[in-house]
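The next block holds one structure in the form of structure tokens; read it before the comments.
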Amino acid sequence: MFNSLKPKPCWLHKCLSTSAPSSKPHHYDLLLISSLKSAATHCSISHGRITHCLVIKSGFASNPFILNTLINMYAKCGFLRDAERLFSSSPNLDPVSYNIMISGYVKSGRFREARSLFGQMPKKGCVSYTTMIMGFASKGYWREAIGIFKEMRYGGILPNEVTLASLISACSGFGGISICRMLHGLAVKVILDEFVIVSTNLLHMYCVCGSLKDGRDLFNQMLEKNVVSWNVMLNGYAKAGDVELARELFEKIPVKEKDVVSWGTMVDAYVLVDWLSEALTMFCAMLREGVEASDVMIVDLVSACARLSATLEGLQLHGRIVKAGFECYDFVQATIIHFYAACGRVDLAYLQFEVGVKDHLPSRNAVIAGFIKNGMIEQARRLFDEMAERDVSSWSSMIAGYAQSEQPNIALQLFHEMIACGMQPNQITLASVFSAIASLGMLNEGRWADEYVQNNCIPLNDNLSAAIIDMYAKCGSINAALEVFVKSKGRPLLRHHIKQNSITFIGVLTACCHAGLVELGEKYFKRMKSVYNIDPGIKHYGCMVDLLGRAGRLEEAEKMIMSMPMKADVVIWGTLLAACRTHGNVDIGERAAENLAKLEPCHGGGKVLLSNLYADAGRWEDVFSVRRAMQSQRVKKSPGYSGVLLVKAGIVDLIKRRTDDMTLAIGDDVGVGICGWEGGQAVMASDFAMGQFLFLKRLLLVHGHWNYQHIGYVVLYNFYRNAVFVLMLFWYVPFFVVNLSLLNFLGALLKRKGENTRQFSPTGAHYSL
């Protein structure tokens, strides 16, 4: 097909075989110029060199027009050295010669040579400045292009329509609405606003700045509109989410002016607002009009089907992809894999991967993400370990998978391996890392990760800032959480366009809850809707109920539950019941327990809390009644547990209490840990000072309720004798602190015990206090 477009050099061979000047065709110089232009257009360097030989043989090498055409041919074919050789050896250079060489330098990215040659030009005209402005603007050097335009204006040279259009394109890269209006005024002043290229570029800049009203006013005033003008205005509405206005404008486009870009923009407008049915209807209408879909358009539709789990529609689009021959494209294959995985068809996703290009990294990442999304973390890890090459998406998917599957310790281990491999994480990776740290309550690790973000200049986005706030709040560093939240509203972070989202406020309200900052929590809760236009969700209401309950404002907490726009869940009623037990409010506690039983009749934790509430009030008949009901219904309360930090190469393990025994995963360098349970919640442990036993000043802090059950084990490790000592605590006092004298007593006991025990039973050796 392309051979028919190439010039046919049959007459050139005739000219080469002819030596007599009289046999040359009429206007021989024009034929040479035409041949050189054809060679430049098709980048045919061999044809150009043949014509160059004819130029030399015919004695036209000194012709300035032919010389400039030769320089242009070599520059456009990418042979700048030959162009430079001709340029430097020519004694008769004119501004056209300079413009051709400058254009060649700019297109090849050699801006320093272009700038130097531009400064050497004896006479600079509008074309010279326009060439420089166009070149710098096309490569994204916006400020340099504007600087050259200023030089042009200082030199008293008026721009033409191409100059101004290039300048507007340059300013679209970083300019605001005020700059756009200034350029519009300049176009009117120099009477260039009537050119469609200028007005269309202005229209595009208005749309980029988000000023659609000004853009539509300009669009209505345009005397001439082409297909680009219609598409620019249509795209402005589509990107802004104004689907109705976009559809109205689309219907006004003349039938002959609608191209694949017009149809694709309208389809994309529906996809952006998740109107999949309308997008597919528009897609089918486009096909009926005889307009073939592009690969990008179909990929956008398949991605929308993945977001909305539209399996049937996605299958039909897959068939269209196969029919159109787009399946061989790697990015299309990755999109199809993602679609099937998002719809839960992991088998089809893996089959698509098997029949496609297995070395394509995004496709392999899509399979890993699909496995993780469907809870197949082991299969994802096997595929991850088989990868010869990994990018940041590969690592991020696996770290997020482990963080979401309640394996935060492995997520942190992978994160450190990622850094050790020299791979820098992005915002998505770090959001998962902070989530894992928050689950483990490792404040020191969280501070290190926060410093890593700052030291590596990783830009903050909404999710990352919210994850940092949530991490500090859950690790108990309330001041740090509030500090990050306040900074997210300050000027330093506004440069990154950080804005608060629902996750951010969950972290802040949690921090206020733990710190007892009731008024501050109420303030931020009210400002969610009034200032940030964020509708509070059930988790936000749960934080507020917990905040009011801890402060003893139980009536307000109950009223808030009743005024919620959604139905309260088990967590909210359980939170209110726990607060009633703490403050001894039997009336509200009974109502909370009643609502809790309606939602989950066999909720063991709620019945235990109600029983303890009656016991605190001295209503023993009610206590026995609740206990008998639990026995008859065979209700069991799931015990809570606290995390225990086991220090061995940065690996964190959890000690959990089981029904019959407690298994301790102990490494070679274990410090001090606690595993406890009370009511329906885990015992809170203080930060541990890991180190040698004799230098441990503070062991742990335990608090609980008035029940006559053991609430925890204290696990001590002797670094010298490699022995483990277990202490069973019984609840007799409302507040218990292990002091230094007790620590010395335990140390003496440890010296006597020499065996290395790995597993303990609750009925085993213990000491009662």
Side-chain angles (χ1 to χ4, degrees), residues 204 207 212 216 219 225-349 351-353 355-356 362-363 366 370 373:
H204 175 258
C207 293
L212 293 178
R216 187 58 187 264
F219 180 79
K225 301 182 183 73
N226 57 16
V227 64
V228 180
S229 308
W230 286 101
N231 289 339
V232 166
M233 191 70 244
L234 185 65
N235 185 66
Y237 284 133
K239 296 301 182 185
D242 294 334
V243 183
E244 299 297 337
L245 290 176
R247 183 59 186 265
E248 179 186 345
L249 183 67
F250 179 79
E251 297 297 338
K252 294 180 180 179
I253 301 177
V255 178
K256 294 183 179 180
E257 294 287 340
K258 291 180 182 177
D259 59 359
V260 66
V261 178
S262 310
W263 288 97
T265 303
M266 201 62 229
V267 171
D268 187 54
Y270 285 125
V271 168
L272 287 175
V273 295
D274 286 337
W275 291 11
L276 182 59
S277 177
E278 290 79 0
L280 292 173
T281 302
M282 183 65 64
F283 178 73
C284 294
M286 180 191 72
L287 296 178
R288 285 193 298 269
E289 291 293 329
V291 180
E292 288 296 327
S294 64
D295 50 356
V296 177
M297 186 189 306
I298 297 184
V299 163
D300 288 340
L301 285 171
V302 174
S303 299
C305 292
R307 289 197 305 272
L308 303 175
S309 298
T311 308
L312 181 60
E313 292 82 354
L315 284 169
Q316 295 177 7
L317 288 170
H318 189 185
R320 185 75 192 181
I321 287 173
V322 175
K323 184 178 179 180
F326 294 147
E327 198 175 25
C328 60
Y329 298 156
D330 291 339
F331 75 97
V332 176
Q333 175 185 320
T335 305
I336 296 173
I337 293 172
H338 169 69
F339 156 70
Y340 283 123
C343 294
R345 298 299 305 271
V346 187
D347 53 339
L348 294 179
L351 178 62
Q352 181 67 30
F353 172 71
V355 300
S363 298
K373 181 178 178 63

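Count residues from 1 along the sequence. Values below: every heavy atom of this structure, side chains too, minus hydrogens, waters and symmetry copies.
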Item to check | Steps toward side-chain contact (heavy atoms from CB on, under 4.5 Å) verdict (Gln316, Leu312) | outcome: CA-CA 6 Å; Gln316 295 177 7; Leu312 181 60; 4.0 Å; yes

Checklist entry - Which heavy atom of Trp230 sits nearest a heavy atom of Lys252, and at what distance? => result CH2-O, 3.8 Å

Checklist entry - Less than 4.5 Å apart, any side-chain heavy atom of Val260 and any of Met297? => result yes

Item to check | Minimum heavy-atom distance Gly370-Ala341, with the two atoms named | outcome: CA-CB, 3.3 Å

Next on the checklist: Could you check whether Arg320 pairs with Glu292 (Lys NZ or Arg NE/NH1/NH2 to Asp/Glu carboxylate O, under 4.0 Å)?
Outcome noted: yes

Item to check | Val227 backbone acceptor or donor facing Asn231 side chain under 3.5 Å | outcome: yes

Checklist entry - Checking ring-ring contact (aromatic ring centres under 6.0 Å, His included) for the pair His318/Phe339: CA distance, chi angles, key distance, verdict? => result CA-CA 10 Å; His318 189 185; Phe339 156 70; 8.0 Å; no

Item to check | Nearest non-hydrogen partners of Ala310 and Cys343, listed with the distance | outcome: N-SG, 4.3 Å

Next on the checklist: As a quick check of understanding, evaluate side-chain contact (heavy atoms from CB on, under 4.5 Å) for Phe250 and Thr265, giving each step before the final call.
Outcome noted: CA-CA 9 Å; Phe250 179 79; Thr265 303; over 6 Å; no

Checklist entry - Can you tell if the side chain of Glu248 reaches within under 4.5 Å of the side chain of Tyr237, non-hydrogen atoms only? => result no

Checklist entry - Any luck finding a side-chain donor-acceptor pair between Asp300 and Ser303 under 3.5 Å? => result no

Item to check | Residue pair Thr311, Glu313: steps toward the side-chain contact (heavy atoms from CB on, under 4.5 Å) verdict | outcome: CA-CA 6 Å; Thr311 308; Glu313 292 82 354; over 6 Å; no

Next on the checklist: Could you tell me if the side chain of Phe326 sits less than 4.5 Å from the side chain of Val299, heavy atoms only?
Outcome noted: no

Next on the checklist: Angle between ring planes, Tyr270 versus Trp275, binned at 30° and 60°: parallel, tilted or perpendicular?
Outcome noted: parallel

Item to check | Nearest heavy-atom neighbours spanning Ala366 and Ile337 | outcome: CB-CG2, 3.7 Å

Checklist entry - Below 4.5 Å, heavy atoms only, C-beta onward: do Lys225 and Met233 meet side chain to side chain? => result no

Item to check | Verdict with supporting geometry, Leu280 and Leu317, side-chain contact (heavy atoms from CB on, under 4.5 Å) | outcome: CA-CA 10 Å; Leu280 292 173; Leu317 288 170; 4.2 Å; yes

Next on the checklist: Testing the basics here: between Val243 and Ala269, what is the closest heavy-atom pair and its distance to 0.1 Å?
Outcome noted: CG2-O, 3.9 Å

Next on the checklist: Is any side-chain heavy atom of Leu249 closer than 4.5 Å to one of Phe219?
Outcome noted: yes

Item to check | Min side-chain heavy-atom separation Val302-Ile321 under 4.5 Å | outcome: yes

Item to check | Met286 vs Lys258 side-chain heavy atoms within contact, under 4.5 Å | outcome: no

Next on the checklist: Checking side chain to side chain contact (heavy atoms under 4.5 Å, CB included) between Met266 and each of Leu234, Val261, Val271, which is the one that passes?
Outcome noted: Leu234

